Amino acid sequence: MTDADNQPSRSARSLLPEPTLSFTLPSLHDGLAIDCRVYHPQSLDPSPSSPPWRKHAAVFAHPYAPLGGCYDDPVVDIAAGVLLKLGFLVGTFNFRGAQGSAGRTSWTAKAEHADYQTFIGFLSYYIHFLDPFRTQVSYAVPTTTPIAEAPDHLGAHGGSSPITHSASRDTTRSPLFLMGGYSYGSMITMQLPSLQTILRQFDTPACTSHAAEIRLRAQHLAEAQNTTLGSARAAALERQANTPSHSPSGMRFGGEESSRKHHHSRLSFSQDTEDKIRKGVSDLMVKAKSHKRRLSGKDHSFVGGDAAHDTPETKQQPARDCLPSVPDRVVFRPAYLLVSPLQGLINNLATFSLLPRRPSWKGLTRSLSSPAATASPTSELGTDSETALSLEEAEAKLVRNPTLAIYGDNDGFVPVRKLRPWASRLESIPHSSFRAHEVSGASHFWAQGRSAYTLKDAIKTFAESILAVDAS
């Protein structure tokens, strides 16, 4: 079988447009340069007739790099293209060793976990600062509340109570943050810590850290887009106001024509671009440090300290030079999308590491109802991002939050006899948000018959169902 035989037909692919942004980020693991792309949805088109910007985001990871996986993979194209058309701001990236990214694939996948978290952190702050048209809808949490995830409504025994709209803080209209992947990318997605835990690394990072660099790059690029897109929108409104209503030709906004007209908002990676980003990051760092110097010396909330818990020893130590926490950050509702997930032996072989034994239903239920999981109505799992998730914790994350796992019954990498009981077990947990979709005749590569079309339709239906909460 040739490589062409393992590709979905071109007509079945969504064919992503040129990315709005192409750039690199330093990996949280070791600072290695990771290639990244961001695609803006139609809601960020300068056309006055564009739909409102709702701040929904999606990240989708590619398959195993040593086997040719990268962000140009056709299945990545399908998934990302569907989500983009539904209004998500979509991000893709190359794991280390894939295509243009530096380095090589690791033996344990620990570095790849950090690569993924790097891009999640970037995208969350990019979306926070990206508001070119100054939307009036508020998606932020109070400044005294740490960034959090949507309520999981878990009961005392791992089940969930019905979702109500009378909660003290309505999160049903919070933007979605969908994390997904295909094949190896889905395996990394499953093993990620909770979204809340990932983003905690970027709250008050040391100024010399990779996390600070990532956060400031996100802010710089977002503010540049705010200026560009905001000016283009203002110009479009002015042209619209000056166009006579009786003009037979009129002015067309939106659609493909509009997309072709606004290439000036796109930024491709080059050395000149990298130099501009570095200068922008440097300027933001200077501003952040200047802001911190103006604060009271007794206020440690902006330098990573906690005055209420300072000891005589820590008071004598100089405070770390950290970025200040960003107030009123966006609160996200996490969701997960797993395409051709790896289970069982292939999962272990892909990283040359053994996960804990398969959890029992009781074990997973205990994980869901543990004190760490139920301490806060908006918490997911309180694991340290530096500690690998147990299989129970990884699967609990999928049960708590909207999740779709889609796979074929002709998958040559993972036998369907392993996937069916796994999917059935997660679906059978009371009030589980996990859903599985088995596609008859589909292989691991989604190249047979109309399987690629079925994949597109399944992703679209799932995404529309979770977006419906925002629209209701």
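Not measured: the values here are computed from a predicted model. The basis for the numbers below is simple: all heavy atoms, side chains too, and nothing from hydrogens, waters or symmetry mates.
Checked against side-chain hydrogen bond (donor to acceptor under 3.5 Å, both in side chains), Ser101 has no partners two or more places apart in sequence or in another chain. Taking the side-chain contact (heavy atoms from CB on, under 4.5 Å) definition, one finds that Ser186 meets it with Leu338, Pro341, sequence neighbours left out. With sequence neighbours excluded, the residues satisfying side-chain contact (heavy atoms from CB on, under 4.5 Å) with His444 are Tyr182, Ser183, Ser340, Leu342, Asp411, Phe413.
Under 3.5 Å, the side chains of Asp35 and Thr24 contain no donor-acceptor pair of N or O atoms. Judged by distance alone, the side chains of Ser106 and Glu112 do bring a donor and an acceptor atom under 3.5 Å apart. In the model, Ser451 has no side-chain atom that pairs as donor or acceptor with a side-chain atom of Thr454 under 3.5 Å.
A heavy-atom distance below 4.5 Å is not found between the side chains of Tyr125 and Gln219. You'll find the side chain of Thr208 stays beyond 4.5 Å of the side chain of Asp321, heavy atoms only. Leu199 places a side-chain heavy atom less than 4.5 Å from the side chain of Ile120. The shortest distance between side-chain heavy atoms of Pro193 and Gln117 falls below 4.5 Å. The shortest side-chain heavy-atom distance between Phe60 and Val339 falls under the 4.5 Å cut-off. Between Pro324 and Thr204, the closest side-chain pair of non-hydrogen atoms is not below 4.5 Å. Counting heavy atoms from C-beta outward, Arg54 and Pro175 have side chains that stay 4.5 Å or more apart. In this structure the side chain of Met179 reaches within 4.5 angstrom of the side chain of Pro334, judged on heavy atoms.
Among all heavy-atom pairs drawn from Leu404 and Ala458, the shortest one is CD2-O, 3.8 Å. Met190 and Ala394 get closest at one heavy-atom pair: O-CB, 3.3 Å. Considering all non-hydrogen atoms of both residues, Leu323 and Leu216 come closest at CD1-CG, 3.9 Å. Here the closest non-hydrogen pair linking Cys322 and Cys207 is C-SG, 3.6 Å. Minimum interatomic distance between Ala423 and Tyr407 (heavy atoms only, all atoms of both residues): CB-OH, 3.8 Å. Between His128 and Pro327 the shortest heavy-atom distance is CE1-O, 3.8 Å.
Between the side chain of Thr228 and the backbone N or O of Gln225 there is no donor-acceptor pair closer than 3.5 Å. Between the side chain of Lys456 and the main chain of Ile78, no donor-acceptor pair closer than 3.5 Å is present. Formation of a donor-acceptor pair under 3.5 Å by the Asn401 side chain with backbone atoms of Lys397 is found in this model. Side chain of Asn226 to backbone of Phe129: a donor-acceptor contact under 3.5 angstrom is found. At distances below 3.5 Å, at least one donor-acceptor pair connects side-chain atoms of Thr189 with backbone N or O atoms of Gly185. Between the side chain of His56 and the main chain of Leu89, no donor-acceptor pair closer than 3.5 Å is present. The closest donor-acceptor contact from the side chain of Ser50 to the backbone of Leu44 lies at 3.5 Å or more, if one exists at all. Judged by distance alone, with hydrogens and angles left aside, the side-chain atoms of Arg329 form a donor-acceptor pair with the main-chain N or O of Val326 at under 3.5 Å. Using modelled atom types, no side-chain atom of Asn94 and backbone atom of Cys70 make a donor-acceptor pair closer than 3.5 Å. A donor-acceptor pair is defined here as one N or O able to donate and one able to accept, closer than 3.5 Å; no such pair exists between the side chain of Lys55 and the backbone of Asp131.
Ring geometry for Phe23 versus Phe122: interplanar angle of 30 to 60°, hence tilted. Relative ring orientation between Phe119 and Phe93 is described as tilted, the plane-to-plane angle lying within the 30° to 60° band. Ring pair Tyr184/Tyr64 is tilted by interplanar angle, where 30° to 60° counts as tilted.
Atoms CG and CZ, on Leu176 and Arg333 in that order, are 4.0 Å from each other to the nearest 0.5 Å. Atoms CD1 and CZ, on Ile277 and Arg217 in that order, are 5.5 Å from each other to the nearest 0.5 Å. Here CD1 of Ile466 is found 8.5 Å from CG of Leu337. Values are rounded to the nearest 0.5 Å. Remark: Ile214 CD1 to Gln201 CD distance equals 9.0 Å, nearest 0.5 Å. Separation of atoms CG (Leu229) and CG (Leu130) is listed at 7.0 Å; rounding is to 0.5 Å. Annotation: the span from Trp446 atom CH2 to Leu455 atom CG amounts to 5.0 Å, rounded to 0.5 Å.
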- Before giving the answer on side chain to side chain contact (heavy atoms under 4.5 Å, CB included), spell out for Thr92 and His62 the whole-Å C-alpha distance, their side-chain angles and the decisive distance to 0.1 Å. CA-CA 8 Å; Thr92 60; His62 64 75; over 6 Å; no

- Evaluate side chain to side chain donor-acceptor pair (under 3.5 Å) for Ser443 paired with Asn410, printing each intermediate quantity in order. CA-CA 5 Å; Ser443 72; Asn410 193 30; 5.8 Å; no

- Message: side chain to side chain contact (heavy atoms under 4.5 Å, CB included), that's the test. Do Phe95 and Thr105 meet it? Break it down for me.
- Response: CA-CA 8 Å; Phe95 286 117; Thr105 302; over 6 Å; no

- Just do the side chain to side chain contact (heavy atoms under 4.5 Å, CB included) check on Leu86 and Val82 with the steps written out, would you? CA-CA 6 Å; Leu86 290 176; Val82 169; 4.2 Å; yes

- Message: Test side chain to side chain contact (heavy atoms under 4.5 Å, CB included) on Tyr39 and Leu21; report intermediate values, then the result.
- Response: CA-CA 7 Å; Tyr39 300 84; Leu21 301 174; over 6 Å; no

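A salt bridge links Arg37 with Asp72: at least one charged nitrogen is closer than 4.0 Å to a carboxylate oxygen. Salt bridge Asp45/Arg233: absent, no basic N to carboxylate O contact under 4.0 Å.
With respect to Asp115, the side-chain hydrogen bond (donor to acceptor under 3.5 Å, both in side chains) criterion is satisfied by exactly one of His29, Arg96, Lys110: Arg96. The only member of Thr403, Leu467, Leu178, Asp457 that meets side chain to side chain contact (heavy atoms under 4.5 Å, CB included) when paired with Phe462 is Leu178.
Judged by a 6.0 Å distance limit and a 45° cone about the ring axis, Arg215 is not positioned over the six-membered ring of Phe202.
Here Trp422 and Phe434 bring their ring centres to under 6.0 angstrom of each other.
Atom CZ of Arg435 has more than 12 heavy atoms from other residues, nucleotides or ligands within 6.0 Å.
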